[in-house]
Protein chains: 2
Amino acid sequence: MSGPSKGQVLTRSIEDYLKAIYELEQDGSPAQTSAIAGALDVAPPSVSGMVKRLSEAGLLQHVPYRGVQLTEEGRKAALRMVRRHRVVETYLTTKLGYDWDSVHEEAERLEHAVSDELIERMAMALGSPRYDPHGAPIPSRDGAIEQQSFVALADVPVGDVAELRMVSDKDAERLRFIGSLGLKPGVSFEVLARQPFRGPTTIGLTAAPSKEQVIGHELAESLLCVVVEREVG
Amino acid sequence: MSGPSKGQVLTRSIEDYLKAIYELEQDGSPAQTSAIAGALDVAPPSVSGMVKRLSEAGLLQHVPYRGVQLTEEGRKAALRMVRRHRVVETYLTTKLGYDWDSVHEEAERLEHAVSDELIERMAMALGSPRYDPHGAPIPSRDGAIEQQSFVALADVPVGDVAELRMVSDKDAERLRFIGSLGLKPGVSFEVLARQPFRGPTTIGLTAAPSKEQVIGHELAESLLCVVVEREVG
DNA sequence: TTTGAATTTTAGGCTCTCGTAACTACCGGA
DNA sequence: TCCGGTAGTTACGAGAGCCTAAAATTCAAA
Ligand SMILES: [Mn+2]
Ligand SMILES: [Mn+2]
Ligand SMILES: [Mn+2]
Ligand SMILES: [Mn+2]
């Protein structure tokens, strides 16, 4: 009785694997063993072992040496975890005064301990928010998630006006730094200059035009934006 | 390196054992294997195994065939869990609209996943409450807990006026029933009658004197009260 | 004092999840 | 086509936490 069945009891480990695999799959290709291992901070053989169990449980498909892909059931379970994680982050930030750089760690644990009912009560208390504090979309109860396409700040042409939409929540220090620049989802700015050879980008915040910020290339690659106003030229 | 050391990483299982042992010790004698097994719903040999590990870790003392007692370190860890449990229960009830009969189950999981910081933020948001929704005292951050002495309703003499102070939170159905009688911590009433041979007690709520309630002996033993006004006789 | 029921511990085994070491497959040069 | 580096898998083992069955201990009643 280990095949694909409904109402599985998923352990904390399994939930974290599914969520990590879901996120790795987002860039199109199957999730690879070493990438999963890196995301979860475990050794590659541990991943091979878990992948075997998850594929026997019908949560993913494994092509040896090629990677894994979630099944419909696995994707549903993963999206449930993503919803939990992001609702918890939003609740802690909005209702309990957490900073956006410290919620991820707390949510990483709480996501496994909260009941569906608690998540729905939190979402209700927040007015069913659509985005978490880092700009990531919150899947609906039934697993629908907004698919977005962004441009990294590093790729926004000089002269354009853009709005920051989303930032990875994984690195607390980076979040603190981004925040110290006055940047968070929803803030818009003009791209004033960019140095060649993967050099820094200079932006001017729309809200405080006097304040210019210089942003290194690597950081600019992690700031996901939409272009609001294209330079007339 | 398994002796008494600071900053242990306690698993969920260990935290539940320590909390259960703390609660069993409350009635004066060492906690016994079968009582621990009953409280945690595991088999007695599982308790023996865990007790061995916990005593090697310096969290309790074990006299074979006689029972266990928490060490100072174990008691501190247990009280930390009790605080977490009761703060979470109070938060869920006060801020998220939970009923008092459903918070225990949720808190039983969350107590292991919340950080100290989250507990303090919840307590802050609640104004540092002293009691949980079931009337149980919330230990302070440094492990101080109010010691109370109550009389079971079953032992309050007829004619006295008493106030309900505390109810066990373990049985959801019992809590629902108690609530349906209009009883919760802080409610006061007069004991109107009691039948002999462990028979039912009749009370009249002070707030609604017209409403009389008949309460069976077993239930009356679980309702912990203080006498407010002794019958003049 | 003996005995037997109840309690507790020991013995042995299972699952889950992780690790290290050794082996295998893949793939891009030479 | 071969070769070597990288990535992935298999083999093996450890520890936590649970179980059942069997042995040991306690304690009260006969
Ligand atoms: Mn997690
Ligand atoms: Mn986030
Ligand atoms: Mn618990
Ligand atoms: Mn309680």
Side-chain angles (χ1 to χ4, degrees), chain A residues 1-3 5 8-21 24-25 27 29-69 74 77 81 108-109 111-113, chain B residues 1-3 5 8-21 24-25 27 29-69 74 77 81 108-109 111-113:
Chain A
M1 182 102 69
S2 69
S5 66
Q8 314 226 15
V9 181
L10 305 180
T11 64
R12 175 181 172 159
S13 253
I14 290 175
E15 290 176 338
D16 278 335
Y17 272 90
L18 293 176
K19 188 156 61 80
I21 291 166
L24 288 168
E25 271 182 351
D27 51 23
S29 47
Q32 298 194 290
T33 300
S34 57
I36 301 169
L40 297 174
D41 199 26
V42 297
S46 303
V47 175
S48 285
M50 179 62 89
V51 158
K52 174 173 234 163
R53 290 193 293 274
L54 294 181
S55 109
E56 280 163 3
L59 292 162
L60 52 77
Q61 287 192 303
H62 180 214
V63 181
Y65 292 97
R66 283 296 142 85
V68 299
Q69 275 185 296
M81 296 313 295
E108 199 55 56
R109 278 176 283 105
E111 62 190 0
H112 311 287
Chain B
M1 184 100 70
S2 68
S5 65
Q8 315 228 14
V9 182
L10 305 180
T11 65
R12 174 181 172 159
S13 253
I14 290 175
E15 290 177 339
D16 278 336
Y17 272 88
L18 293 176
K19 188 155 62 81
I21 292 166
L24 289 167
E25 273 183 349
D27 52 23
S29 47
Q32 297 196 288
T33 300
S34 56
I36 300 168
L40 297 173
D41 199 27
V42 297
S46 303
V47 175
S48 286
M50 179 60 90
V51 158
K52 175 173 231 163
R53 289 193 293 275
L54 294 181
S55 109
E56 280 163 3
L59 292 162
L60 52 77
Q61 286 192 303
H62 180 215
V63 181
Y65 291 96
R66 284 293 143 84
V68 300
Q69 275 186 296
M81 296 313 295
E108 199 55 59
R109 278 175 283 104
E111 63 190 0
H112 311 287

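In what follows, every heavy atom counts, from backbone to side chain, and hydrogens, waters and symmetry copies are set aside. What you are looking at is a predicted structure, and each value in this text was computed from that prediction instead of being measured.
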Side chains of A/Tyr17 and A/Val42 in contact at under 4.5 Å (non-hydrogen atoms): yes
Taking 4.0 Å as the cut-off, does a side-chain nitrogen or oxygen of B/Gln32 come that near to OP1 or OP2 on C/dT7? no
Check this for me: B/Glu108, atom CD, are more than 12 non-hydrogen atoms of other residues, nucleotides or ligands nearer than 6.0 Å? yes
Which sits closer to the 5' end of DNA chain C, A/Arg66 or A/Arg12, going by the nucleotide each is nearest to? A/Arg12
Do B/Val51 and B/Leu60 make a side-chain contact, defined as non-hydrogen atoms from C-beta onward lying under 4.5 Å apart? yes
Answer yes or no: does a side-chain N or O of A/Arg53 lie under 4.0 Å from OP1 or OP2 of C/dT17? yes
Looking only at side-chain atoms of B/Thr11, point me to the closest of D/dC18, C/dT8, D/dA16. D/dA16
Select one nucleotide: of C/dT9, C/dC18, D/dG8, the one nearest the side-chain heavy atoms of A/Ser34. D/dG8
Closest of D/dA16, D/dT10, D/dC18 to the A/Pro45 side chain is D/dT10
Take atom CG of A/Leu10 and atom P of C/dT15, then tell me their distance rounded to the nearest Å. 19 Å
Whether over 12 other heavy atoms sit under 6.0 Å from B/Gln61 CD: no
Atom OH of A/Tyr65 and atom C1' of C/dA25 are separated, to the nearest Å, by 5 Å
Minimum-distance nucleotide to B/Thr33 side chain [options: D/dC18, C/dC18, C/dT9]: C/dT9
Please check the phosphate of D/dA16 (OP1 and OP2 only) for any side-chain N or O of B/Tyr17 closer than 4.0 Å. no
Near B/Asp27 CG, under 6.0 Å, is it more than 12 heavy atoms from other residues, nucleotides or ligands? yes
Choose from D/dG17, C/dT8, D/dC19 the nucleotide whose nearest atom is closest to any side-chain atom of B/Ser48. C/dT8
Whole-Å distance, B/Ile36 CD1 to C/dT7 C1', equals 13 Å
Would you kindly give the CD-to-P distance between B/Glu56 and D/dG17, to the nearest whole Å? 13 Å
Nearest to side-chain heavy atoms of B/Pro44, which nucleotide of D/dG17, C/dT9, D/dG8: C/dT9
Residue closer to the 5' end of DNA chain C, A/Ser46 versus B/His62 (nearest nucleotide): B/His62
Whole-Å distance separating the CD1 atom of B/Ile14 from the C1' atom of D/dC18: 14 Å
Out of D/dT20, D/dG8, C/dT17, whichever nucleotide has its closest atom nearest the side chain of A/Met50: C/dT17
